[in-house]
Amino acid sequence: MTYTPRFILNFLICLILPLLASAGDPEVTVTRIENLPNRLFYFDDTPVVLFHDPVRLAVMRSPDEGKTWSPISGPQEGEAVRLIDHPHNNKMAFIIGRDTTHWVTYNQGDSWQSFETPREASLGASMLSFHAEQDGWILFQGRACEDTGLGKWGGGKSCWDETYYTQDAFRSPAKLLLAQTSQCLFARSSPAFVNAPESLIFCVAFDPSNKPGGGGMHSYKESRLYSSDDWYENKKFVDLGIGKRARGVVGLGVVSKFMVAAHLYVSTDGKEWRQTQFPHSALPDLKENAYTVVESTTHSIAVDILTSPSANIGTLFVSSSEGTYFVEALPDTNRNDYGIVDFEQLESCSLHVHSVTTPHNIGRVFSSTAPGYVMAVGSVGDSLLPYEDCDTFLSTDAGLTWKMVQEGAHKYEFGDQGSVLVIVDDEEPTDNVKYSYDGGATWSQLDLGVTVRGLVLTTIPDSTSQKFLLIGTLPRRDSGKGGRHALIFLDFAPVQTRQCTNSDFERWYARSEEGKECLMGHKQWYQRRKLDAQCYVGHKFEDPIGHEENCACTDDDYECDFNYVRQDGECVPVGPEPVPAGTCNKADDQYLGSSGYRKIPGNTCENRSDKAKDSPIMKDCSAARPKEGKVSHVTHEFGSVITQHQYFPGSQSILLQLSDGTVWQSSNEGFSWKQLYEKEAFLGVTMHSFANERAYLLTDSNRIYHTTDYGRSWNVITAPEVPNNLGIPILDFHPTKSDWLIYTGAINCADTLSTNCRAVAYYSTDHGRRWKKIEEYVRNCAWARDARLKIDEREIICESYKNKKGSQLGGDYNPLELIAGANYYSKKIKLFDAVVGFASFSEYLLVAQLNEMAGTLSLQVSLDGYHFSEGQFPPSMKIENRAYTILESNTDSVFLHVTMNSDTSKEWGSIFKSNSNGTYYNLAVEYVNRNTAGYVDFEKMLGLDGIAVINIVANPKEADISGKKKLQSRITHNDGGTWKPMNPPPKDSLGQEYDCTSTSCSLQIHGYTERRDPKATYSSPSAVGLMLAVGNVGEELAPYTDSDVFLTRDGGFTWEEVHKDAHIWEFGDSGSILVLVNDEEATDHILYTTDEGLTWQEYAFGQTLRIKTIQTVPDDTSRRFLLIGNVPGQGEKSILVHLDFSAITNIKCELSIEDPNHDDFQLWSPSEGREENCLFGRQTMYHRRIRDRNCYIGQRVNQPKTIVRNCTCTPADFECEFNYRRDASGNCVLVEGASPLSIDTEYEQCDGTTDYWYERTEYRKIPYSSCEGGERPDRGKRHECPGLILRGGLGGLFWGSIAIIPFAFAGLAGWYYWTKGSRPGAIRLGEHRAFGDDSPAAGVLSIIASVPIFLIALGQEGWAWVTRNVPFLDNLFASRTPYRSVPIDDDAEILGNYEDD
């Protein structure tokens, strides 16, 4: 075959042309600028870009997507204060000037016209508000001021905002719309909000007759919402459906088709407003300024509610189509300090990625309009790594699958509908960018010609262009003429010269998972360029067109309906639902109610079956919510006995364990139940001690089921060994690191005859993913740190057997050593050779040390986990061979019950109270009752510090012989300083006087040792001052069945009998509901009161049961309760009755701090029986509901815990000094055989700042008391403090020291921050018990104590250096007191060298 020259030429042309078409290089143009812009935007669907220089106050314009730049005509440099684009017109933009002259462009910035406004622009963010359809309708927010002459130097201004309007985009002068406003907007400010009248305008405004007050501005609480559709010729007050209370409107906005006002009132037409309805579980967290309305669709609103303020964690809720009813969509969302939530609409993401709370570019964070293309900076692992440790990832299927495309963090942008991807290094300065035309498979490098630190990488908003703009900063050495910053124009159009044809496109379907193409009820597909096509798309300014095909409805198209929650994959009701009007006229009627499901708003699936999942279903009226004023109940029967019940604090979820090993869960406070893992037999349920949302189900294998979301989902942890059966706690939890666990399992313990059965402890710092062994042959291992014991968070303490051999089941003696292990037990220190046990309690670590030779015990106390001091007791009251019980306390001291008589049924002992560091113990009260199990009749009141109730054995000698104790009750209101009989009421609940009339008659109540349910308490954490008890009025405690029910409203000072016969009780709704159940016999009803016992009502639950316990949520804020009992004679089964009081009233109690005389609460202060209402030397005010108000409280009332004033000292503020005890007359006398501490307290009190010291007496001030002046029985003879500094006032040397030492500290500042890594320490501030004088030095020192904490820490470091180098100053301020200075402020705590993360 022969070839002609023409054929050869044509053949070569065909080969060369494709090469020529792709041979071009991208174009780079660099424009140097002096200042970085604070505003940069493209006019939509145009190549025109504007940027605002915030320093020069000038605006630059580019007509070609950033290639060339020039100053605009119009405002001169220094006049352009703010640049604002018109969101609905791509030709208009506005420049706000300094005063009343501003500028507008009607041709994309090619020319500018000035216009005047009557006022200068307001300082707020919303200077201009726009209409979505009438682009000439604009609202201008101006600021008016007038001189008041009330300022400090005779000046002063009062300012307010005024709103003006234009109907022709300021071509004619603006007119006044309304004065005294804070915000105005058009109802139709969003294109989706189409149902409102065209000219409807809303304004948040104030009373025009009231100008701002002395502060120069209005109080937001006086703001109201107004509307008008005639430019405010006439205005209408918008009451939001709640009347005149609709004030304090702090925000108004339009989100898609919804208008949202503060307090979450929603309207879809601007006329009718509806208050949003959230599930009951979300109400406690829905607080003002505690929610964020995030990016929403045209079908629903998405709201993120802040649930954990300290950690900036929230829960995302999504509304129904009308924006009213919200359901939980996603728990534990992340947000930053400004309330910005990590939420951007995207189908799914399985990678840990950085989001909008830490933005690193402008525009959308992940996605673009390019179909399916998503990029992110993130990491693969257990959690998200810091940004600088992350890599850059790409997904081409909308987040379904991901691949890493570049190591390190990069800024990224999409162009030409995703055909070109551009990235720039976001960790270090760079001289290049990288780009890809094949979906990130290969990358090419483009040199920039300059080295910059990339700050912004952007393109036109719809990502259809091949031109990009990079904003960066040059190194200082390169900052020459033109400025240090650069606008770098990148044009990739020359790379691809062939435009794509039909064969270059593919049909791409959006998918939620592999093989699942239906999303939101339809298949959605786009035409997009094939990844390997060598062409450009080229449809500039044209958004991709989506095509939809409806699918048949599946379960994925539905979500839980309002007031339903998802539990184990199913939607269950949170309680009885309301019934439609006119139904349920008879008990056996039925009504049409919710199926529990609703179609996801915006979902377009088609129901192709007989019945849709969201179709209403017929329900029995007996299960519906009762009418207002009625109680309802639901009964559940379980086939075996309920052995354990656990609430998740802060939620509606409950777990039950039955004797047959099954576990049941309710997500609606017991209204309905579902068994968990029917094939499993569980050993127990363990709740996380410090993380309310976590619980663990223990099996007889190494499989542990756990939840981290209140039981919404359960997962499995694989433990390293099977759980131990040695009576050792299986799990121990860390107070600040909820993922840190200690697990104690067992090896070779299944056989009781095993010769090497042993317990083995492991720890995990990643919630059981990986375990590391701690020790074998242990009896207990635990984290040393506790909630208030703030020591090394990595320290582990173990009771470890000395001899690591044999079987722990054996009875051979093997000493238990106490080992403290720093750094997760890798650095072990033996603290004691032999111990009986240890406990972390409040801020103390207590150890019972065993003296092996003598067979005696000693109590050891530590505040840091390593250094211990032996507890000192009066000589006649040693505890060497006695059992003791550590009692609850939260008032900076330890209460210890020491058994003095341990004979069965005759047990009693003495309570000792320590000083503030837990080392010196003094007798507080004798003959306190305890039982054989070691529990003591001692209970502190919840909510009020220092109040406790005990029962004492009044006849110890007789009881020791007869075995019959005569018990009497005592109460203390000063933390054990004194104990008194309880005041009896004058008459019983029937109005009759009591038979007992002698002076020894008092109220006696049954205590902790007689309680079947240890969770039942006299008091409630949310009902301050309320206590309920069963007892009698007499000289001794009567049998339980001969007792009645008593109530106190003032912390135990006065009591009243509220009902006859013994009952068990429970508090609900912070004390607004009290429920009683007969505890003497089987019953078919309960009694309840809504006025704290003034009147009682009966409710029958329809079945006679022997009730064992009544329960509600731990903080007693719910109106739902559980009765647990059994049918008489059927003890092998349990009956659970769910009681719902939610319908007894729909009126919510109103608390008004500003107007306390017109709300439903009263201020109350506990009284100590004296003229002043003081407790612990101070008056503290609390809010409590007025007794007879018919309203419910709802979320817990935040008590102020504010000290109104410190009170004058009285004898109640003092207790006996060490080695002293109170006699029968209440005086402190020396213990027989004991020696008092030295009367010389000079070394305690004279610290260089005090004039005098006082000799020690028989009394000491209670550490928790803050009383001032008055009687001071703790002070003996007065002596002058030695030394030169503070004798006869403040001498010159003192002032020299005060003046000079701060300079020394300042000189050491650099050394301190160098050695401490810029981490300030902390000290514990507080008044010593011996201080409180009125000397001048006290005032100076109080000022010093208010210096910020970092200065105090610096002072500590500096003082240490000074005393080393100036010997005479050493010990000048030293104090060798055995008492630690304890503060009133609970936040001031010893941190040592450890930081509380």
Side-chain angles (χ1 to χ4, degrees), residues 572-573 575-576 587-588 620-624 626 630-647 654-676 678 681-682 684-685 1006 1010-1016 1030 1039-1043 1045 1059-1066 1068 1073-1088 1096-1113 1118-1141:
V572 299
D588 56 352
D620 293 333
C621 288
S622 59
K630 301 294 184 181
V631 185
S632 65
H633 76 277
V634 178
T635 302
H636 301 276
E637 181 175 336
F638 294 93
S640 59
V641 177
I642 297 173
T643 58
Q644 187 182 9
H645 54 275
Q646 298 280 4
Y647 280 83
I654 316 171
L655 296 176
L656 293 182
Q657 186 183 9
L658 276 57
S659 59
D660 61 4
T662 60
V663 171
W664 296 72
Q665 179 180 332
S666 171
S667 297
N668 45 30
E669 296 187 68
F671 180 74
S672 62
W673 295 90
K674 181 172 182 179
Q675 184 178 347
L676 298 178
E678 297 179 7
F682 294 100
V685 176
H1006 290 269
E1010 297 182 72
R1011 244 174 244 158
R1012 285 197 305 266
D1013 185 0
K1015 295 179 183 178
V1030 171
Y1040 186 79
T1041 54
D1042 295 335
S1043 300
V1045 181
H1059 209 279
K1060 290 294 184 183
D1061 301 326
H1063 290 69
I1064 51 177
W1065 64 86
E1066 187 55 275
I1073 302 173
L1074 306 178
V1075 179
L1076 300 182
V1077 183
N1078 195 305
D1079 197 26
E1080 297 184 7
E1081 59 186 7
T1083 183
D1084 64 353
H1085 66 274
I1086 55 98
L1087 297 165
Y1088 71 94
W1096 292 89
Q1097 299 182 59
E1098 185 177 301
Y1099 176 75
F1101 46 81
Q1103 188 176 6
T1104 300
L1105 301 173
R1106 186 65 173 97
I1107 303 300
K1108 297 180 178 179
T1109 184
I1110 178 170
Q1111 292 294 322
T1112 187
V1113 296
S1118 174
R1119 292 193 283 173
R1120 294 175 179 141
F1121 301 81
L1122 300 182
L1123 304 179
I1124 300 176
N1126 61 274
V1127 176
Q1130 298 182 18
E1132 73 282 358
K1133 297 181 180 180
S1134 284
I1135 303 293
L1136 184 147
V1137 181
H1138 167 86
L1139 294 172
D1140 191 345
F1141 292 81

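Computed from a predicted structure; not experimentally measured.
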- Query: If you measure from NE2 on His1059 to CG on Asn1078, what distance do you get to the nearest 0.5 Å?
  - Reply: 9.0 Å

- Message: Measuring from atom OH of Tyr1099 to atom CG of Leu1139, what distance do you get when rounded to the nearest 0.5 angstrom?
- Response: 7.0 Å

- Task: Report yes if some heavy atom in the side chain of Phe671 is under 4.5 Å from a heavy atom in the side chain of Val572; otherwise report no.
- Result: no

- Task: Apply the test side-chain contact (heavy atoms from CB on, under 4.5 Å) to residues His645 and Thr1109: give CA-CA distance (whole Å), side-chain angles for both, the deciding distance (0.1 Å), then the verdict.
- Result: CA-CA 11 Å; His645 54 275; Thr1109 184; 4.2 Å; yes

- Task: Any chance you could lay out the side-chain contact (heavy atoms from CB on, under 4.5 Å) test for Ile1135 and Phe1101, step after step, and finish with the verdict?
- Result: CA-CA 12 Å; Ile1135 303 293; Phe1101 46 81; over 6 Å; no

- Task: Identify the heavy atoms of Asp1061 and His1063 that sit nearest to each other, and give their distance.
- Result: O-ND1, 2.9 Å

- What are the two closest non-hydrogen atoms of Ser1043 and Pro1039, and how far apart are they? OG-O, 3.0 Å

- Is any side-chain heavy atom of Leu1105 less than 4.5 Å from a side-chain heavy atom of Val1127? yes

- Does Thr1104 use its side chain to pair, donor to acceptor, with the backbone of Thr1083 at less than 3.5 Å? no

- Message: What's the separation between atom OG1 in Thr1112 and atom CG in Leu1122, rounded to the nearest 0.5 Å?
- Response: 7.5 Å

- The side chain to side chain contact (heavy atoms under 4.5 Å, CB included) partners of Lys674 (sequence neighbours excluded) come to Gln567, Asp568, Glu570

- Please report the C-alpha distance between Glu669 and Ser1118 in whole Å, then the side-chain angles of each, then the deciding distance to 0.1 Å, and finally whether the side chain to side chain donor-acceptor pair (under 3.5 Å) criterion is met. CA-CA 9 Å; Glu669 296 187 68; Ser1118 174; 2.5 Å; yes

- Message: Minimum heavy-atom separation for Gly1131 and Val641, please, with both atom names.
- Response: O-CG2, 3.1 Å

- Message: Taking ring pair (Phe, Tyr, Trp, His ring centres under 6.0 Å) as the criterion, tell me which of Phe1121, Phe1141, Trp1065 meets it with Tyr1088.
- Response: Phe1141

- Just do the side-chain contact (heavy atoms from CB on, under 4.5 Å) check on Val634 and His636 with the steps written out, would you? CA-CA 7 Å; Val634 178; His636 301 276; 3.5 Å; yes

- Pairs meeting criterion salt bridge (charged side-chain N to carboxylate O under 4.0 Å, His left out) with involvement of residues 656-668, two or more places apart: none

- Message: Return the OG to CD distance between Ser640 and Gln657, rounded to the nearest 0.5 Å.
- Response: 9.5 Å

- Item | Nearest heavy atoms of Ile1110 and Glu1066, plus distance in Å | O-OE2, 3.4 Å

- Any side-chain heavy-atom pair from Leu655 and Leu676 closer than 4.5 angstrom? yes

- Specify the closest pair of heavy atoms between Asp1140 and Val631, including all atoms of both residues, with the distance to one decimal. O-CG1, 3.4 Å

- Task: Output the distance between atom CG (Asn1126) and atom CG (Leu1136), rounded to the nearest 0.5 Å.
- Result: 12.5 Å

- Task: Could you grab the distance from atom CD of Gln1103 to atom NE2 of His633, nearest 0.5 Å is fine?
- Result: 8.5 Å

- Apply the test salt bridge (charged side-chain N to carboxylate O under 4.0 Å, His left out) to residues Asp1079 and Arg1106: give CA-CA distance (whole Å), side-chain angles for both, the deciding distance (0.1 Å), then the verdict. CA-CA 8 Å; Asp1079 197 26; Arg1106 186 65 173 97; 3.5 Å; yes

- Please report the shortest heavy-atom distance between Lys1133 and Phe638, naming the atom on each side. CB-O, 3.5 Å

